[in-house]
Each structure stands twice: as structure tokens, then as C-alpha cells.
Amino acid sequence: TSCECEFGGDRFSPYSFFGAVGLCEAGCEANPPCPPETLDWCTVTDFADLRREWNDLAQEVRQHRDLYYNKQPIISDAEFDELFAKLQKLEAEHPELAVPDSPTMEVGAPVAASSSFANVEHLEPMRSLDNVFDLDELRKWLERTPSESYLTELKIDGLSINLTYRDGELVQAATRGDGRVGEDVTANARVISDIPHVLNGSDKYPVPAVLEVRGEVYISIDDFPEVNAQRIAGGGKPFANPRNAAAGSLRQKNVEDVRKRKLRMICHGIGYSEGFTPATLDEAYRALEAWGLPVSSKTMLVHTTKEIIERVDYWADPANREDLLHEIDGLVIKVDSIAEQRALGSTSRAPRWAIAYKYPPEEVTTTLLDIQVGVGRTGRVTPFAIMEPVFVAGTTVSKATLHNQTEIKRKGVLLGDTVVIRKAGEIIPEVLGPVVEKRDGTEREYIFPTFCPACGTRLAPAKEEDADWRCPNTRNCPNQLAERLTYLAGRKAFDIEVLGEKGAFDLIRSGILTDEADLFDLDREKLSASKVYTAKSGKINSNGEKLLNNIAAAKEAPLSRVLVGLSIRHVGSTASRALAARYRSMDALRAATVEDIAETEGIGSTIAQSFKDWFEVDWHRNIVDKWAAAGVNMEENTTEQLPQTLEGMTVVVTGSLEGFSRDSAKEAIVSRGGKASGSVSKKTTYVVVGEKAGSKETKARDLGLTILDEEQFVRLLETGSPE
Ligand code: ZN
């Protein structure tokens with residue numbers, strides 16, 4: 001409806017949430033008038049758009065939050081964070097939009113009306129945490145929250161719980177709910193073995209009269225596949241990730257079912273208490289630990305911004321997360337002093353004395369278009385997912401591993417499913433599971449192939465109990481042979497630069513090689529049948545010349561590299577070096593007994609047996625004999641060690657270098673006595689930055705480290721100094 005004012009603007013209700021209606025778009029004096037501070041945007045015609053945008057966003061956030069807490073989420077955590085940040089940004093730019101019932105002011109989600117659990121009120125509200133997403137934001141938070149001491153805690157990706165102990169006895173457990181009222185899950189919490197029913201009091205730590213303990217319930221990464229397998233076996237739908245599994249499990253009706261889910265818990269704070277007045281949170285954690293409650297051994301007391309950033313960097317590195325039982329999605333920084341916490345206080349949503357540094361998204365959803373299988377160097381048949389390309393952890397990916405067919409069943413994914421995929425650092429992306437809610441009935445089950453897609457041989461597990469299927473045509477299966485050829489052409493073996501996957505397949509398809517035995521007999525005449533290594537005229541092209549030169553040079557490689565090139569199971573470069581160093585020649589090695597080989601330092605019986613077994617096969621022995629006949633060196637005659645120019649130094653290489661691969665740069669550092677690290681910290685001596693270096697370069701600059709280009713790196717390797 002139009003306003004009757006002189007502007008004739010449309011009436012609308014930007015303040016409907018306040019109960020006021022009928023404001024004029026043009027900001028006239030009609031009743032009720034636009035508040036003066038809003039006139040600016042009240043007269044802007046796109047205000048209606050702004051309001052609509054806010055409404056849509058707020059609605060979306062509410063919906064996903066409800067799914068997250070009360071049902072199964074259908075978007076990833078990262079997507080949710082993005083939505084939430086967008087809403088916060090909009091409200092920051094237009095504070096008028098930030099009404100009291102905005103989702104940005106709320107904690108968690110109200111308990112669903114349909115919940116079968118009783119509602120219980122927390123003694124002290126359970127707040128959420130504000131997030132920062134980069135170091136700049138973190139620094140700003142630290143500037144406005146100065147303190148002598150902070151705690152850094154891992155942010156576990158699970159479900160929050162509030163435990164109430166009276167005189168040391170567990171009397172209630174509740175989910176967070178909306179922060180004020182949660183669901184009573186006491187019976188379920190009692191079967192979580194990490195949660196003590198009674199607290200152990202002592203003289204030093206007497207049990208308080210009343211204590212609210214806040215913690216996170218989670219399922220360990222190791223238990224997750226089994227929990228999903230159980231659920232599928234019971235006719236249920238698989239969980240997309242451990243967090244969903246934990247949330248779903250804590251809310252089961254049957255206590256016995258909860259017990260089977262192997263839920264774990266770690267404390268991350270205290271709420272209301274009587275008879276307990278710790279001066280610091282650190283002290284509170286020590287008391288909790290003494291009472292028998294689980295606290296994290298990874299929590300650290302730190303004092304400076306520099307130390308905090310170091311912790312952020314440390315946990316950003318997936319390698320440092322490997323031995324964690326649970327997933328983490330951030331690092332929480334908390335002011336340690338309880339008095340300071342009180343002075344800082346809280347907003348309606350979150351305390352001002354704590355902040356969560358959120359790591360970049362590692363989980364995203366996309367569509368599973370197809371599943372294909374690859375045949376590896378050892379004949380292992382590995383299914384991998386072909387997906388709608390999606391951006392995750394810094395790169396666009398369209399393929400992800402599915403490990404083996406048992407895993408596909410365990411994960412319960414169907415072709416056409418929307419799937420959750422995860423990528424941590426440099427690890428190959430992995431399909432975690434399907435988003436069952438997004439199925440529309442067109443999804444189909446995947447049938448694992450019976451025959452090798454490369455050579456047509458019937459597939460079988462090597463041993464009956466093996467989960468992996470293999471192509472038994474080890475010698476001639478083109479995929480296996482091509483993989484072996486590219487492997488032996490690698491820098492750790494013969495370093496034949498121009499023999500890549502394409503070249504390997506060409507040599508096999510053109511009939512030049514039927515296995516690797518003839519590799520060192522290659523000559524111009526034989527190579528003329530190739531497509532990759534010849535020009536249109538039929539003459540050997542420059543790559544062909546290079547191949548022949550490389551092969552000639554490779555004949556001089558030391559025995560340790562020859563051993564690597566044989567693709568013997570368990571015999572990689574470390575084992576090869578140990579064997580070559582001790583036996584000095586191929587003949588001596590072949591003559592040695594299993595027992596004798598097993599006594600080599602760093603070898604052991606598994607490797608020794610695998611080594612001897614390999615030589616039992618006729619065509620394997622033929623490879624070694626033919627190579628020797630073609631002039632390949634079978635002795636270990638190199639003893640010289642490179643000058644240890646980098647002793648005591650830690651060097652990080654990031655981005656791509658022209659003269660080094662990732663591995664060869666690492667080897668160059670290690671072989672000169674240095675430490676090659678994957679993550680930047682204040683202990684890093686030098687950071688070598690190549691093309692397209694990413695966050696590591698930024699961090700190095702933040703920490704004020706010395707940054708080298710490739711030229712300086714080469715100088716450093718030679719002389720021990722980049723100058
Ligand atoms: Zn095959």
C-alpha cells in the first residue's frame with residue numbers, strides 16, 4: 001500500500017520485529033515516523049532489498065542452526081560459518097538490522113518442540129564463542145582483550161554438554177540447547193565412560209557443593225567408521241562426519257544404543273559453582289583433573305601474541321593433528337584470570353574473554369558423479385570418486401579417494417549422492433559420507449568391477465581376509481607396469497626425467513616393453529616404434545634423445561637406487577640404502593639368507609622375507625640379470641657424504657621451485673644435515689619461497705623470518721649461507 005504523504009512511497013515494515021508497522025519508504029512524517037537515525041537508509045530505495053536480504057539470511061541461518069542442533073545438517077560447517085559471517089557483516093554495516101532476536105544474538109538452537117527429552121534450565125547460561133578467521137582479526141581481538149596470561153585450547157568438533165555435580169555426585173547432564181534451556185540427557189551421559197558419576201575429593205581439591213562442568217562430547221576418529229558400519233547394518237543412514245554422529249548418538253532414546261556409540265568427552269570450562277573459587281581457568285582445569293574429569297593435555301598457558309600465533313600455526317598443520325583422537329575446527333584463546341573474565345563480561349551470545357580461531361574449511365559438499373577404479377604399482381585396485389569440481393582447503397578438487405570397496409559400503413555412498421569431502425593440508429581429499437537428506441531417489445548403488453579395467457584379468461584379494469582387491473597379472477598389466485616404470489624413473493631410483501606416465505604407457509602400448517627387464521636395452525631402433533619419443537618423420541625427437549641419455553646415465557646409479565627401482569614390497573629408499581651399505585653388491589645380497597638380511601640395521605624379518613620372496617619369481621630374477629647384462633651397475637661404490645652445510649638449520653620450502661620437486665628439495669636439505677619442515681614456526685631458520693607460495697609465506701613474514709628465493713636456496717645448500 002502507498003503512503004498518503006507527499007512522497008507517495010510504499011509503506012513497509014522494517015521494524016515488524018519491534019511490533020511497529022507501516023513505515024513509509026520515503027521516510028515521511030506519517031505515523032509512525034521513521035526514527036531519525038534511520039532516515040538515511042529509509043529514504044534509500046534499496047532499503048527494501050537490504051531488509052529482504054537480512055530476512056533471507058537470518059531465516060537461512062535459523063534453519064541450518066536448527067538442523068545442526070536438532071536434526072542432521074545439510075550444509076558443511078564452513079558453509080554455515082560463511083552464512084553467519086555474512087549476516088554479522090550485514091548487521092555491522094547496518095546496526096539497525098541487529099534486532100534482539102537476530103540469530104547473531106542467539107546461542108545454539110532452541111530445543112525442538114518434538115524433543116522427547118525433558119527441558120532443563122542451566123544454572124548459568126552456556127554461551128557460544130565468537131570466531132575470528134585470520135591472524136589480523138585475532139590480533140585485533142588480542143589488542144582489545146589485553147591480559148598477562150591466556151589459555152589456548154583445541155576446539156573439538158563435537159556436541160557441548162553441561163554436567164551438574166552436587167556434593168560430587170553427577171545429578172544432571174544436559175545439551176546446550178539455546179544456551180539457557182537444554183535437553184536432559186542424564187541417563188545417556190552416565191554410559192559415557194569419560195564422565196565420572198562421582199568426583200574424587202582430596203584435601204587439596206575438596207569437592208564443591210555445586211559445580212557445573214562444560215565439555216564437548218565426541219566420537220573418536222578411529223571409532224567413527226565402525227559406528228557408521230553398525231548404523232548401516234541396523235538399517236540406518238550413515239552419518240556424514242564424527243560430529244553429526246556424536247550429536248545423533250547423545251540423543252538416542254535407548255541407553256544401550258548410546259553405550260555402543262563409544263562417546264567420549266573432554267572438559268572445556270565451568271559454569272555455576274558453590275564452594276569452588278579458582279583464581280584462574282588453568283587452576284580450575286587442574287581441579288577438574290584431580291576430581292577425575294577428563295581435561296585436554298593439549299591446553300597451554302601462554303603469555304604473548306607471538307606465542308598465541310605460534311600455537312595457531314602449530315595446530316594448523318595437519319601433521320600435528322595426526323595423533324589426536326578427535327577432529328578440531330579451531331583453537332580457542334581464553335583469558336586465564338577468572339577476575340579478568342568477570343570484568344570483561346559477555347554479550348548475549350558469547351563471552352568477551354574468549355575467541356575461537358577457526359581454521360579454513362576442510363569439509364565441503366559436492367555431487368558424486370561416478371566412481372572409477374585405478375590399478376596401482378602393486379596391483380591394488382583403488383576406487384576413487386569423480387565429483388563435481390569443488391574448492392576446498394585452497395585447491396579445486398574433482399577426485400577423491402574411496403580406499404576400497406568395503407569402505408564404499410561402510411560409507412554408504414550412492415552414485416549421484418551429495419557427499420561431504422574433506423581435505424587436510426596436502427593429504428588427498430577423502431569422501432566422508434553422503435548427505436542423505438539431499439537424496440531424490442535417482443541415486444544408484446555402485447557395483448565394484450570383477451575384472452581389471454586395464455588388462456581384463458579377474459580381480460581377487462591377495463588373501464581372503466584382505467579388504468583390498470588386486471589384479472594378479474603383476475608382470476604385464478599395463479597399469480601396474482606403467483606405475484613401476486614411472487616409479488623406477490623417479491629421483492629416488494634411476495632419475496630418468498623424461499619417463500613419465502605418458503611415456504611409460506607409450507612404451508607398453510607400442511610393444512617396446514613387456515616388462516621392465518628390457519628398459520636398459522632400449523636403443524634408437526627399438527624406440528622408433530614409439531609415438532611419444534619420435535617426431536612425425538619417424539625420427540627420434542628431443543625427448544627420445546633425452547630418454548636414451550638418461551638411461552645411459554642411470555646405468556651408473558649406485559646399488560641402493562637400483563634396489564629402489566625394483567619395486568620390491570617394503571623395500572623403499574631407506575631399506576635399500578641399509579641393504580646396499582651392508583652387502584655392497586647385488587651378488588652378495590642375492591646369496592644372503594633371510595636370517596642374515598634380517599639382522600641388517602633397520603631391516604627386520606618382514607622386509608627381509610619380502611626381499612627374498614621377490615627373488616623367488618623367475619621374471620623378477622630376469623629383470624636383474626638383464627639389467628646387469630645391459631651394463632647397469634650392481635655395486636655400492638659411493639661412500640662419500642655431502643658436506644653437512646645445513647647442520648642445525650630448519651628449512652621450510654613453500655611454493656614450486658624451478659629446479660627442485662618437493663621431494664628433491666627435501667632430500668637436498670636432509671642430505672646436507674638440515675631439517676626439512678612442513679610448517680613455519682619461530683624455530684624455522686629459512687623459508688624458501690617459490691611460485692604460488694601461500695599462507696606459509698605470509699606466516700613467515702608475520703614471524704619476521706628470513707625468506708630466500710631459489711637462487712639463494714642453491715647458495716645455501718652449497719655454502720651454508722644464502723649470501
Ligand atoms: Zn590388470
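Whatever order the structure lists ligands and atoms in, that order sets their numbers, starting from 1. Just so it is clear, the model here is predicted, and its values are computed rather than measured.
- Under the 30°/60° scheme for interplanar angles, the aromatic rings of Phe494 and Phe520 are found to stand perpendicular.
- Between Tyr446 and Phe448, the ring planes are perpendicular. Angles over 60° get that label, and only those under 30° would be called parallel.
- Sorted by chain and number, the protein atoms of type N, O or S within less than 2.8 Å of the Zn ion (ligand 1) are Cys452 SG, Cys455 SG, Cys471 SG, Cys477 SG.
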Open item on the list: Between Thr593 and Asp596, does the side-chain hydrogen bond (donor to acceptor under 3.5 Å, both in side chains) criterion hold? Intermediate values first, please.
Closed with: CA-CA 5 Å; Thr593 63; Asp596 193 53; 5.3 Å; no
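- Checked against salt bridge (Lys or Arg N to Asp or Glu O under 4.0 Å), Arg264 has the following partners two or more places apart in sequence or in another chain: Asp194.
- The backbone N or O of Ser220 sits nowhere less than 3.5 Å from a side-chain atom of His326 that would complete a donor-acceptor pair.
- The backbone N or O of Glu388 sits less than 3.5 Å from a side-chain atom of Thr366, completing a donor-acceptor pair.
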